[in-house]
Amino acid sequence: MSIKGTSKDKKNVIETIFRFSPVIGAVIGLLAAALFVMLYNVDPITFIGALCKGALGSAKAIGNSLNRATPYIIVGAATTIAFKCGSMNMGQEGQVFMGGLGVAVVALILPSGTPALIAIPLALIGGMIMGAIFISLPIFLRVKRGVNEVVVTLIMNYMATLIVSALVVGPLGKVGASYPCTENFGEQYSLFNWKSVGHLHVGIFIAIAVAILAIYMFWVNPIGLKARAAGSSPAASLTAGINPTKVFIIGMLVNGAFCGLAGGVELLGRYNNLRGGYADGIGWDSLIVALLSGMNPKGVIPAGIFFGALFTGVSSLQRSIGVPSALLSLIKGIIIVCVVTGTAIEKYHLNRWLTKKKTVK
Amino acid sequence: MDNEYMVEMRHITKTFGKLVANNDVSLKIKKGEIHALLGENGAGKSTLMNVLYGLYGKDKGTVLWNGQEINIKSPDEAIKLGIGMIHQHFMLVNKFSVLENVTLGIKEGKWIEIPTDEIRKKIMELSDTYGLNIKPDAIVENLTVGEQQRVEIVKALYRHSELLIMDEPTAVLTPQEAKQLFKVLYKLKNEGKSIIFISHKLPEVLEICDAISIMRDGCLVEEMENTEDLDEAKLANAMVGRELNLEVVKSKCEPGEVVLKLEGISCDGINASCGVTDFSLELYRGEIVGLAGVDGNGQTDLSELIMGLRKMTTGKIEFLGQDISKMTTKQRRELSLGYIPADRLKSAMIPSMSLTMNMCINKPDQAPFGTKWALNQKSITEYTERKMKEFNVVAKSSGEVGGNLSGGNQQKLVLARELGEKVDLVIAVYPTRGLDIDATHFVFDTMLKARDEGAAVLYISTELEEILQLSDRIGVLYEGRLQGIMPQQEAEVTKIGLMMAGREVEVK
Amino acid sequence: GCGEKKDAATGNSASSGASSASSGASSASSDASSASSGASSSSSGSSSSADKKDMSDIKVAFILPGEYNDGSFNQKGYDAMLYCQENLGVEATYVDRIDTSLQSETLYDYAEQDYDIIVSWGAQMEDDVVDTLAEEFPDTQFVIASGTKANETNVVNIQISGKHLGYGYGYMSAMKSKANKVAFIGAGQGSQAYTDEVGGFIDGAKAYNEDCEVTIMYLNSFNDIDECAQAAEFCAEQGCDVMFADVSGAYKGLFDVVTKSEGKILTFGRNADHTKEYPEGCLSYIENDWGIKMADVITNYAENGKWGENVFCGFGSIVSGWTYNFDGEPGWNPALVSEEEVADFQKNVIDMIANGGWDPTFTTEDANPGTY
Amino acid sequence: MSGIILYFNTAIALAVPILMVSIGVCYQEKTGVYGMGSDSSMLLSCFTSIVTLIATGNYFVAIVVGILSGGLMSLFFSIFAVRLGTDQTLTGLACNFAVMGLTSSLLRLLWGVDGIPMMEKPASVPIPLLSKIPIVGEILFDQPIVNYLVYIIIPISWWILYRSTVGLKVRAVGENLECADSVGINILKTRTLACMVAGMCCGFGGAILAVQQVGTFADEMTGSKAWMGIIAAYFGGWSPIGATGAAMVFGLAMALEKRIQLMSFISLNSYTVQLFPYIAAILVICLTGKNRRHPANMMHYYQKQ
Ligand SMILES: Nc1ncnc2c1ncn2[C@@H]1O[C@H](COP(=O)(O)OP(=O)(O)OP(=O)(O)O)[C@@H](O)[C@H]1O
Ligand SMILES: Nc1ncnc2c1ncn2[C@@H]1O[C@H](COP(=O)(O)OP(=O)(O)OP(=O)(O)O)[C@@H](O)[C@H]1O
Ligand SMILES: [Mg+2]
Ligand SMILES: [Mg+2]
C-alpha cells in the first residue's frame, strides 16, 4: 500500500472551489430560476437583485430572514440530533404545532399577572413537554411493537394540525373570534423584539444556543459520541456497552421537545395567541434545513439562515417585482435541487472527474 | 501464439483516491490450473480480482481473455464471458432464500416467472454431485457462515464458469468442509476450468495449487510453480519480504487466582445459533483456555452471554469473586476486561467513524479520553496514534474512518483498544479470522503477552491448529455445551475432533 | 367626518338594499355606491378639505390569503382591485397566497412603504391589523374585507353578515326542499362569520319548517373539489335535495353532483353566476360587489381622509351586502321560485330581519357538523 | 343498501389514487430509492392529463399523457437522486415544490383569472354479469373503466415484484447493492427504471384523480394523497397486495369520516371528526404493521469503484 504524493496546483484550486459547492449550487439555482422568471417578462438581473434585497437588503429584511431562520435552526438542530441517534423522525411539522399548543395551555393557565421572566420560560417548557409527549407514541410503537417511526410520525403531522384546530375551535377557543384562535396571552408573553430590525425577536438567540448545545453534545461531550455510535452501528454500540434503544428514545424525545420549543418560540415571537395553521410548513422546511446541513448540527446555523433568507427573499418578490406567488415554490425547488447537486458532486464525483481528466492527459 | 492462458491481466493499476491498491500488476492464469494468489492483508488481492470481475473499474492496464483483448466494464460482462467469483465478503441477499440468491442475475427467463422448480432441481443436483448439502428454500440470514459459503459456491457452480475466482473461500469452513471444497476444485480442474484461489492458509495452498502468485504492497512480486521444495516458510517470507518466525514461543503456564467463574450458565439461541446450555468453567490468571468447536455451536452466544449482551436464563457469572450476573454490558465494560467479538465489522468497529473515535468508544468519559463533560480530542488522538504504532495498525491517519482499513488492520485496532491497557480477562472470538500469517502471529503474541501479564484468556476459535498451539487448557464446545476440557499436553487431534463432532470422550 | 357619512348613507340606502333582492328592479350595490359617494361628497365640507387627495396619488395594496383566481372569495378581491384601478385611477397592487406565517411580514412591509390604503382580504389578519398595525401606523388607512372588527380611527371593516346570509339560504332551502332535508357544506369551521352563517342556515331552515332536517358537513380544505363532491353525494344519499356549499374552490364538486342529478337537487350559486350553467337547478346566485364596496371606501378616503368604522352589510343595514341574482339579472330563478315564494322570502326573511325580528348569537358548538 | 354501496364506492374512489401511488412507491422503494417525490409525478400528471383532455377531448389520450408525464418527472428525479446521488429526501421534496410552482404558474399563464374549465367525467361502466351480483358486484364491478385497470395492475405488480426475475432484481438492488452489482445487475438501470415505473403509476393515479374524479385542475389538488400513498406502501410492507389493503383502510376511514359528521348524537367539531381516519390508520398500523423493515439499502447511493 502506498500513498501517491499530493500533486498539482490546479486540482487543489478546483477542490477548494468545490468545498463551497452548496454555495455554488445556490448561485446556479438562482440563475436557473432567473431564466425561468424571464417567461414572465421579468428581467433576470432585476429578479436576482430583488431577491437579494428582499432577503438581506435592509435591516428589516435581515430581521425577517433571521426570524424565519429561528425555528429552522432549532428544529434543524433537533432533527440532526435524532438522526444521529438512529431515528428517522418525519414528524417535525406536527411536533412544532404541538409545541405551540403547549405554550398556549401554560399561558392560559398561569395567572395573568405572571411576570415575563417566569411566564415565558414556563410557557416554553410547556411547549417542549407537549412536543415530547406528542412524539412518545411513535417511540412507544417503535420500541414495543417494532412499528417504523417514519410512518407514524408522518401520519401524526396531519393529526397535530387537526388537534390544534379542534382545540382552538373547541375548549381553548376565543368566543366570537373572527378566525379560530385562543384568547390573547397578554403582553408579557411577547418575546422581546427590535422593531427597527424587522421585529427581530430574541428567539434567534435561543436558536443559536440550541444549535451550539447540539454541537457541544455531539462533538464535544462523550454522550454525543455514544449516541452517534448507537445511531450508526447498533450492534457495535451494544458491544461497547451502549444501549441503542435508550439512545433512540432519548434522541427522539429531545427532537420532539426542541420541535415543541421551536413552535413555542415562533408563537411567542410572532403572535400573541394560538391560531390554526400558525406554523404551516415550518416543520418541513426545517427538515430540509437539517438535510441541507448534511444532518450535522454544525451546518444547521448556516443552512437555517440560508433557507430563512431564501424564503424571505422569495416571498418578498411578489411584493417588489410582482412575480406571481405561484412561481415561488418552483424557485425554491430549483434552488434546493441545485444545492444538493453541488453537494453530491463534491461528495461522489469531483475526485473521479479530476483524476479521469488527468489520466486522459 | 497458442492460447495457453485463459486470462492474462497486463499492467493493471487501480487507485482509490490517493491510495494505489494495484500497481502495474500482471497476472497470467493457465487453462485448467488452480492458481493461488497470496499476499498480506491489504496487498491488493481482492482489488485485483474485483477489477478482473468488472466490479471495480481499472485505471490502467488491459485484460486478455483467451488471447483476445477485452474490456470488462461490469460483472454482467464478466459473467457472460464465463467468469465466476466468490467474494471475500459474501455477496448474498440476507432476506432472500438460497434459491432466489442463486437465481439472481441469471439471464435465462428475463421478464418471465422464475422457473422455481427447475432451479431447485438443478441446485439439488449440484448439491449432490459436489456434496454441498444445500437447502434451497432456507433464508440466507438463518444460515451459518459455513453454509453461506457453500451457497456462494453453488452460485458460482450454477453459472458454469470457465474461470472461478475464490476469495478466501476456506476462511470460515471447517477442515472437513474445506476437504469437500478441494474435491470440488479438483473436479472442476479436470473439466478444464481454471480457478484463482486466494487464501491465508498456506498448507492448503501448498496442497491444492498448481501455481502461485504473490502480491505485496499492490505489486506482483513473485510467480512460482508449486513444486516439491516449496514450503510454508518460503511462501510466508516471499509475502512479507523478510524472514518470518512462525514458531509460537510460549512460556510455562503458572495459573493464579480464579478470574472468571461461570456456573451453569445458559441462554437461548437466536436465528441459526444454538444457544448455550448449562456451561460451567473457571478461568485462572495467567492461562489461556482455548475453546474449540465447529462454527455455530454456541461460540458467539457464549461470549455475548459473558458480556451481558444476551439474556441469561440460568446460572451465575463471577468476576474476581464478584457476582456480575445482573450487570448490564455497560457495567461489565467498567471491569478490567477485553472483548474481541466474532464479527468485527458489525460488532467491534463502527465503520463510519474515525479510528480515534473507535478507539475511545468503550469509555469515552474516562481518562485519557475525556471527562463527563468533554472529550479530550488531543489526548484521544495522541493515545490512538501511540497504540496504532504499538499494535502496528497501518492507516492513512488516525482520522481515517474504520471501514477503510483492511481486515487485518481493523482487527489490530480492536486488539489495541481492548488489550491496550492491562486487563484481567480477555475474551477473544475468532480473532484471526481472515488475517494473514503475520497478523495472525501478532494476535498470538498479543494473547500470550496478556497471559504473561496476568490475564486470563478465553480463546474461542474454529481453527484447531491455533488452539493447540496457544492454549494451556483446551475445551470443546458442542451444541452450546462444554463437551469436555483437558490440559494442552493431553490434547490429541483425533480426540478433540471426535468431541467436536459431539462424541462423548473420556476426559481425565 | 365619518359619522356624518354614515348618517347620510342610512337614509338613502336602507330600503333599497333590503328591497332590491325581491324586486329585482335595480342593483342594490350600485345604489349603495352612488348613495355613499354622493353622501361623501356632500359631507366633505365638514372634514378638513385639505385632506382631499388626488385619486392617482393614492396607492392601494390588496393582501389576499388565497389564490387570486380561486373563482371565489379571493378572486373577488382581485376583481375589486382591478375595478378600483380602472374606475378610480388609483395605483393598486395585490399579493396572493399569503399564509398565516407570512401575514405580519407582508402587512408591515406594505405599511412601512408609502401605501395609503392596505386592504386585508378576509378576517384572518384583522387582529394584527386592529390591535397592532393600526396604532403603529396611524397615518395609513386599513380596510378589512369580510371581517368582524374595526377601530375608530383608521380601520374600516366591511362586515358581511354571515348570519343573515345563512338565514336566507336556510329559509329558501327549506322552502324548496320536497324531502324536507337540506344540507350545508362548509370548510374551516371556527371563525365567527362562518359560525354565524351555519347557525343562520339552521335557524332559517327551521323557521320555514320546524321538521326540516338540516345536515351540516365540513370539508378538510377549501379547495378539495373531490372531497366536496363526495360530501355532496353523501348528503344526497341521506335524501337532501337542496344543498349549499360555502367553500372557495371546492364548490365545483357540489356543482358536479347537482348537475348530474338533472334538476332533482337544487342549489345556489356562490360568488359566480352558476345560474347560467345550471338553470334547471340553480335557484340564484349572490352578487356581492366588492369592487363597488372598495371603490366607496377609497372614494371616501380620497375625499375625507382616513377613518375607522365597522360597515355592517346585511338585511336592513345601511349598505346591503348582496343581491340575489339570476342569469345576470336581479331576482330568483323564475322556473323554480314562484312569485309567492319570493314574496314569502321578502316578508319572512328580509323584512323580518330588517325589522330586528331575529338576532341571536351563535357559538362554535352551534355550528358543529351533524344533522339538526 | 344503497348507502353501503355508496359508502364503499366512495372509499374505493378515495383509495384508488392513493393505491396507485403506493404501488409505484412499492417498485421504487423496493430498489432503495425513497418515494418522497411521488407527489411531483402525481401533480404533474393531474395537470397534463387535464390539459390534454381539454385540448383533445379524449380521455384515453389524456390518461396516457398523464402516465407519461408522471414517468418523465420521475426520470428527472432519478437523474439527480439515482445517477448523481443527491439526497433522495431533499430531491424528492424539491421536485414536489417545483411541480407545485410549475403547475400553478402554468395554470395562470394558460387560463389566467378565468380559471380552468370543468370537464365532464366519464360514466362508470358496469361489467355485464359480475355487476349483477348483489352488493359485492354493485360495489366492485360498476366502476369507471380505469378502475378495472387498477384491479389488474395490483396482481400484476405483485407478480412482477415477487415472482418474476425482474422483481427479484428489483428487490435485490434494494437489499444489497454490492451483491446485486456482483451478480451483474445494472443498478443504475434498475433503479432508474423502477423510478420511472413508479412515476408512471403515480401519474396514473394523478390522471385518475384529475380526469376521472375531479374533472379539472386545482392548485395542489393532490393534497395529502401522495403522502398517504407513501404511508400505505410502508405499512403494506412494500407489497402491492399489502399496499392495496392499506390504501383501502385509508379510503374506508376517510369515507367513514363524512358519515360520522352526519351522526347528530356526537356533537364534535369538524376538526375532531377529521382526526378519525388518522387515528384509525394508526390503530391499524399498531395491529398489523409490526416489525416492518424497509429495504436495507433505502436511501443508499451506489457508486461503482
Ligand atoms: N472500496 C475501497 N475504498 C478505498 N480503499 C479500499 C477499498 N477497497 C480496498 N481498499 C484498500 O485497498 C487496499 C487493498 O485492499 P484489498 O481488499 O485488495 O486487500 P486484500 O489483499 O484483499 O487483503 P485481505 O487479505 O485483507 O483481504 C487496502 O489498503 C484497502 O484498504
Ligand atoms: N381560500 C381560502 N383560504 C382561507 N380562508 C378563506 C378562503 N376562502 C374563504 N376564506 C375565509 O372564509 C371567510 C368566508 O369566505 P366566503 O367565501 O364566504 O366570503 P364572504 O365573506 O362571504 O364574501 P362573499 O359574499 O363575497 O363571498 C372569509 O372571510 C375568509 O376568511
Ligand atoms: Mg481481500
Ligand atoms: Mg361567507
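Below, chains carry the letters A, B, ... as their sequence lines are ordered, and counting in each starts from 1. From a predicted model like this one, the values you see are computed outputs, not experimental measurements.
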Applying a strict 4.5 Å limit to non-hydrogen atoms, the region of B:Y56 in contact with chain D is both
Honestly, the part of D:L168 sitting under 4.5 Å from a heavy atom of chain B is both
Separation between CD1 (D:I187) and OG (B:S74), nearest 0.5 Å, reads 10.5 Å
Any side-chain heavy atom of B:L104 within less than 4.5 Å of one from D:C179?
yes
Fill in: CD1/D:I145: more than 12 non-hydrogen atoms of other groups inside 6.0 Å
no
Whatever's closer than 4.5 Å to a heavy atom in chain D on B:K58 counts as neither
**Prompt:** Does any non-hydrogen side-chain atom of D:N186 lie less than 4.5 Å from one of B:D76?
**Reply:** no
4.5 Å side-chain heavy-atom contact, B:H87 and D:S182: yes
Item checked: Side-chain heavy-atom pair D:V183, B:K155 within 4.5 angstrom cut-off -> yes
- Message: Any heavy-atom pair between the side chains of D:N176 and B:N94 that's under 4.5 Å?
- Response: no
Can you tell me if D:F60 has over 12 outside heavy atoms packed within less than 6.0 Å of its CZ? no
Let me see the working for D:R171 and B:E100 under side chain to side chain contact (heavy atoms under 4.5 Å, CB included), right down to the final yes or no.
CA-CA 10 Å; D:R171 286 183 292 139; B:E100 284 175 316; 3.2 Å; yes
Between B:V93 and D:E175, the two heavy atoms sitting closest are CG1-CB, 3.3 Å
If one checks every heavy atom of B:I79 against chain D at 4.5 Å, the contacting part turns out to be side chain
